[in-house]
Amino acid sequence: MSSKTPALAPALDLNGLARFAAVVEHGGFSAAARVLGLPRQVVHRSVAGLEATAGTALLERSGGRVRVTDAGQRLWIHAAAILSEARAARANMAAARSRPRGRLRLTAPHLFAEHFLGRPIQDFLLAWPDVEIDASLTVARNNLIREELDLAIRLGPRPSEPGFVVSLGTLGQTCCASPAYLARAGTPTSPHELGNHALALYGSANAQPRLEFQRRGESVSVAVRPRLRIDSARVALSACRAGVGIAWLPEFLCADELESRSLVRILPDWELPRAPVWAFSVVSLKRNATLRAFVELVQAHLSTFEQAFDSRTRNR
């Protein structure tokens, strides 16, 4: 016993459907061609193609006028519904490109998020009621495609994976110590003297730490052996406040202490490298209004912080 696979019905040409609907709605081929901005022959061939697919006449032509057949009337009813849905879909896509909406899934380091994402997230959700945000806070460099993430905020080297990268700004770093420690151990006057001091460093323990300094074109790199090296900036800050030693910390974390002088900036004439902050996505920001608006908001927030920080503490 043999069986046959039923043949698939030929697909309708959506362009032809739109041209057929225009002929019906405007009462003829010439009028439809003018509205569509197409040659009359193109509109005629499209309708003929639909009739060949349907296997029946859709329009009757007589003396430059057209009449819709029964089959054409039934097709036109469905065509009008299909074209209306297509226009709605096109409008929705245009709105998605121009107005933030939908769910934004992002990842960022804990410490950065606590200081710099809280306000932008609040402002963004209040400004755009059609947006939802899922945020995963981790220092791990997640694979955006595998983890189904839209955006990663990363500190340090520029992301090298394939994708779209935007600079959000940079964050300053500082060397500081408590007045009690400096009274006990003295204040270093050059980067090379740091080797004679107890240090509390925030960062990975996998590599030999070196501290980099710059001043008026002069660069100095100092190898150090810290008493404390830990990947928790808060613990390093606490140790610094307690007088354990000189700490290398993100400026934003110790801004209040520097302003109140409970911590003192060390080597103020020397600049430490600034930490770059990146927004990384697998979709171009130009094509996604939600991503673009959120990234621009975080950029503005970081810039405002840096300006305020400069005025508060840089000269203290």
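Treat the numbers as computed from the prediction; the structure is a model and nothing was measured.
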Between [X] and [Y] (side chain of the first, backbone of the second, donor and acceptor by atom type, cut-off under 3.5 Å), is there such a pair?
X	Y	answer
S221	E212	no
R292	L285	yes
T107	S136	yes

So [Y] and [X], do their side chains get closer than 4.5 Å, heavy atoms only?
X	Y	value
W270	P191	yes
C240	C176	yes
L211	L194	yes
C175	F213	yes
E218	R216	no
D150	L106	no
L104	D134	no
Q299	S303	no

[atom1]/[X] to [atom2]/[Y] distance, rounded to the nearest 0.5 angstrom?
X	Y	atom1	atom2	value
L272	I266	CG	CD1	11.5 Å
H78	L75	NE2	CG	8.0 Å
E51	T56	CD	OG1	8.0 Å
F20	N15	CZ	CG	15.0 Å
R45	L50	CZ	CG	13.5 Å
F29	H44	CZ	NE2	4.5 Å

If hydrophobic clusters are built from ILVMFWY residues whose side chains come within less than 4.5 Å, do [X] and [Y] share one?
X	Y	value
V35	V66	no
V298	V282	yes
L117	V139	no
Y202	L237	yes
F164	L155	no

Exercise for review: Check step by step if salt bridge (charged side-chain N to carboxylate O under 4.0 Å, His left out) holds for R215 and E271.
Suggested key: CA-CA 6 Å; R215 182 179 65 180; E271 292 287 334; over 6 Å; no

We want to know whether [X] and [Y] form a side-chain donor-acceptor pair, criterion being a heavy-atom distance below 3.5 angstrom.
X	Y	result
S260	S262	yes
R241	S178	no
Q173	W248	yes
E193	T189	yes

Exercise for review: Before accepting this row, confirm whether a basic side-chain N of the pair E251/R265 lies closer than 4.0 Å to the acidic partner's carboxylate O.
Suggested key: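 Between R265 and E251 there is a salt bridge, with a charged N closer than 4.0 Å to a carboxylate O.
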
Exercise for review: Specify whether H301 and F116 have parallel, tilted or perpendicular ring planes, treating 30° as the upper limit for parallel and 60° as the lower limit for perpendicular.
Suggested key: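 H301 vs F116 ring planes: perpendicular.
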
Practice item. Dump the intermediate steps for side-chain contact (heavy atoms from CB on, under 4.5 Å) on L59 and V68, then the final yes or no. Key: CA-CA 5 Å; L59 300 171; V68 186; 4.0 Å; yes

For residues 123-130, which side-chain donor-acceptor pairs fall under 3.5 Å, sequence neighbours excluded?
{"residue": "D123", "atom": "OD1", "partner": "R119", "partner atom": "NE", "Å": "3.2"}
{"residue": "D123", "atom": "OD2", "partner": "R119", "partner atom": "NE", "Å": "3.1"}

Review point. Is the number of heavy atoms from other residues, nucleotides or ligands under 6.0 Å of E148 CD greater than 12?
Key: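 Not more than 12 within 6.0 Å, no.
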
**Study point:** R141 atom CZ, neighbour heavy-atom count above 12 within 6.0 Å
**Key:**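 Yes, CZ of R141 has more than 12 neighbouring heavy atoms, counting only those of other groups under 6.0 Å.
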
Check your understanding: What pairs meet the side chain to side chain donor-acceptor pair (under 3.5 Å) rule with one or both residues in residues 151-163, with sequence neighbours excluded?
Key -> R154-E161

Check your understanding: Which of these passes side-chain contact (heavy atoms from CB on, under 4.5 Å) with P209: L201, V222, L199?
Key -> L201

Practice item. Could you go through the side-chain contact (heavy atoms from CB on, under 4.5 Å) check for L168 and W278 one step at a time? Key: CA-CA 5 Å; L168 294 178; W278 308 98; over 6 Å; no

